[in-house]
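Keep in mind that the numbers below use all heavy atoms, side chains included, and drop hydrogens, waters and symmetry copies. Computed from a predicted model, the values in this text were never measured in an experiment.
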Amino acid sequence: MDSSRQHTLTLPEGKKIYFCSDQHFGLPNDAESAIREKRFVAWLDTIKPDCAALFLLGDLFDFWFEYKHVVPRGFVRTLGKLAEFHDAGIPIYFFIGNHDLWMRDYFENEIGAVVFKKAQIFTINNKKFFIGHGDGLGPGDKGYKRMKKVFTNPFAQRLFYLLHPDFAVWLGKTTSRKNKFISGDADQKFMGEDKEWLIQYAKRKLEKNHYDYFLFGHRHLPLEIRLNENSTYINSGDWLSYFTYVEFDGNQLKIKEFNLK
């Protein structure tokens with residue numbers, strides 16, 4: 001997994017970069033999740049011809065834990081399609097979210113994704129992007145931040161690792177679906193710029209450095225907020241309620257909704 005650093009991408013003529021987050025596959029149950037997963041795979045098929053890079057901004061699954069030789073059952077359509085992207089030479093950048101904190105090297109080895117634990121800085125066609133999942137950033141959300149320290153503690157992870165996978169995955173799925181602290185502040189109503197902690201975080205970052213775009217997931221709301229004349233905050237939304245994604249054509253960044261025809 002890559003540490004936090006700066007990256008540079010040049011977008012070829014006629015190509016685009018796509019961003020999405022918060023699919024939460026596995027939620028609320030296997031049957032309903034499968035319907036959403038097929039919609040997501042259909043979207044991947046539509047963007048593949050002009051996709052120069054795919055950014056997954058976290059919480060692809062509602063629960064994910066990797067043992068040395070075991071990963072959670074299911075999601076084969078998504079995993080296979082992502083592997084297809086990699087085999088076609090399309091880079092995949094995966095930002096670990098709060099529901100897939102326990103990712104090890106499966107995505108890197110099996111899909112060829114570049115996996116990030118922290119927010120990263122990308123310069124794309126001379127536009128500066130600050131990109132991350134967004135959990136635990138900014139003021140507030142203290143209950144989740146305390147819980148995250150437990151989940152990322154190596155000793156706590158080793159204890160969970162000792163559980164039988166069948167029991168551990170059941171426990172993880174059940175807890176993930178019911179425990180608000182795991183999801184952080186999941187309120188899907190826009191609270192105003194003064195109370196939106198990711199917007200506050202972005203404004204503080206701008207006090208030290210310029211960024212053309214701040215791009216996050218986690219919040220689940222598709223949002224586009226102008227921070228100043230030269231900087232914009234974008235939230236990619238989710239694939240539970242909105243089925244939204246973000247598209248960058250080299251000049252403009254747009255939030256779009258995917259509808260099956």
Self-check item: Nearest heavy-atom neighbours spanning S231 and F214
Solution: OG-CE1, 3.6 Å
Quiz item: Between D22 and H218, does any side-chain donor sit less than 3.5 Å from a side-chain acceptor?
Solution: no
Quiz prompt | From E66 atom CD to M103 atom CE, the distance as rounded to the nearest 0.5 Å | solution = 6.0 Å
Quiz item: Looking only at heavy atoms, which two atoms of E37 and V76 are closest? And how far apart?
Solution: OE2-N, 3.9 Å
Quiz prompt | Closest contact, heavy atoms only, G74 versus L79 | solution = O-CD1, 4.1 Å
Quiz item: Where do T232 and L227 land on the side-chain contact (heavy atoms from CB on, under 4.5 Å) test, with the steps shown first?
Solution: CA-CA 5 Å; T232 303; L227 301 174; 5.9 Å; no
Quiz item: Can we call the ring centroids of H220 and H24 under 6.0 Å apart?
Solution: yes
Quiz item: About how many Å separate CG of L44 and CZ of R39, when rounded to the nearest 0.5 Å?
Solution: 13.0 Å
Quiz item: Looking at residues at least two apart in the chain, or sitting in another chain, which of them share a ring-ring contact (aromatic ring centres under 6.0 Å, His included) with Y93?
Solution: F55, F122
Quiz item: Between Q252 and D249, do the side chains contain an N or O donor and an N or O acceptor separated by less than 3.5 Å?
Solution: no
Quiz item: Considering residues, nucleotides and ligands other than R36, do more than 12 of their heavy atoms fall under 6.0 Å from its CZ?
Solution: yes
Exercise. Not counting sequence neighbours, which residues clear ring-ring contact (aromatic ring centres under 6.0 Å, His included) with F95? List them please.
Key: F116
Exercise. Establish, from distance only, whether the side-chain atoms of H133 and N98 form a donor-acceptor pair under 3.5 Å.
Key: yes
Practice problem: Of all the heavy-atom pairs spanning S33 and G26, show the shortest one and how long it is. | Solution: OG-N, 2.7 Å
Exercise. Quick one: list whatever passes side-chain contact (heavy atoms from CB on, under 4.5 Å) with T244, sequence neighbours left out.
Key: P222, Y242, I255, E257
Exercise. Calculate, to the nearest 0.5 Å, the distance between atoms CZ and CG belonging to F248 and D212 respectively.
Key: 8.5 Å
Self-check item: Any residue meeting side-chain contact (heavy atoms from CB on, under 4.5 Å) with P49, in chain and number order, not counting sequence neighbours
Solution: none
Quiz prompt | Non-neighbouring partners of Y213 that pass ring-ring contact (aromatic ring centres under 6.0 Å, His included), sequence neighbours left out | solution = F129
Quiz item: I17 and A52: which non-hydrogen atoms are nearest, and at how many Å?
Solution: CG1-CB, 4.4 Å
Quiz item: Of all heavy-atom pairs between C51 and A53, which one has the smallest distance, and what is that distance?
Solution: SG-O, 3.3 Å
Self-check item: Rounded distance [0.5 Å steps], CD1 in I234 versus CD1 in I225
Solution: 8.5 Å
Exercise. Please test L56 against C20 for side-chain contact (heavy atoms from CB on, under 4.5 Å), starting from the C-alpha separation and ending with a verdict.
Key: CA-CA 5 Å; L56 302 173; C20 62; 3.5 Å; yes
Exercise. Name all residues meeting the ring-ring contact (aromatic ring centres under 6.0 Å, His included) criterion together with F61; count only those two or more places apart in sequence or in a different chain, and write none if there are none.
Key: W64, F75
Quiz item: Are the side chain of E108 and the backbone N or O of V114 linked by a donor-acceptor pair below 3.5 Å?
Solution: no
Quiz prompt | Between CG on residue N125 and CG on residue L9, distance to nearest 0.5 Å | solution = 9.0 Å
Quiz item: Does any non-hydrogen side-chain atom of H210 lie less than 4.5 Å from one of N230?
Solution: yes
Quiz item: So, N29 side chain and A31 main chain: donor-acceptor pair closer than 3.5 Å or not?
Solution: yes
Exercise. Could you pull out all residues at least two apart from T46 that satisfy side-chain contact (heavy atoms from CB on, under 4.5 Å)?
Key: W43, F258
Quiz item: Counting distance only, does the side-chain N/O of N235 pair as donor-acceptor with the main-chain N or O of L223 below 3.5 Å?
Solution: no
Exercise. Under the side-chain contact (heavy atoms from CB on, under 4.5 Å) rule, collect the residues that match up with K48, sequence neighbours excluded.
Key: E84, F85, A88, I90
Quiz item: For D100, which residues count as a side chain to side chain donor-acceptor pair (under 3.5 Å) partner, sequence neighbours excluded?
Solution: none
Practice problem: Might you work through the side-chain contact (heavy atoms from CB on, under 4.5 Å) test for E110 and D105, ending with a clear yes or no? | Solution: CA-CA 8 Å; E110 298 297 326; D105 58 5; over 6 Å; no
Quiz item: Quick one: does L253's side chain get under 4.5 Å of F19's, heavy atoms only?
Solution: yes
Self-check item: Separation of K15 NZ from E13 CD (nearest 0.5 Å)
Solution: 11.5 Å
Self-check item: N209: side chain to side chain donor-acceptor pair (under 3.5 Å) partners, not counting sequence neighbours
Solution: none
Quiz item: On the ring face of Y233, is R226 found with NZ or CZ under 6.0 Å from the centre and within 45° of the axis?
Solution: no
Quiz item: Linking I/L/V/M/F/W/Y whenever any side-chain heavy atoms sit under 4.5 Å apart, do W239 and V41 land together?
Solution: no
Quiz item: Stepwise, does the side chain to side chain donor-acceptor pair (under 3.5 Å) test hold for T123 with T8?
Solution: CA-CA 5 Å; T123 300; T8 301; 4.8 Å; no
Quiz item: Between F65 and F63, what is the ring plane arrangement, given parallel below 30°, perpendicular above 60°, and tilted in between?
Solution: parallel
Quiz item: Ignoring hydrogens and geometry, is there a side-chain-to-backbone donor-acceptor pair from E32 to L27 under 3.5 Å?
Solution: no
Quiz prompt | salt bridge (Lys or Arg N to Asp or Glu O under 4.0 Å) involving D45 - partner list, sequence neighbours excluded | solution = K81
Self-check item: Qualifying residues under salt bridge (Lys or Arg N to Asp or Glu O under 4.0 Å), relative to E247, sequence neighbours excluded
Solution: K16, K256
Quiz item: Near N126 CG, under 6.0 Å, is it more than 12 heavy atoms from other residues, nucleotides or ligands?
Solution: no
Exercise. Identify the residue among Y245, F25, F243, Y18 that makes a ring pair (Phe, Tyr, Trp, His ring centres under 6.0 Å) with F40.
Key: F25
Self-check item: Trace of the side-chain contact (heavy atoms from CB on, under 4.5 Å) decision for R219 with E196
Solution: CA-CA 9 Å; R219 189 64 181 86; E196 289 283 346; 2.8 Å; yes
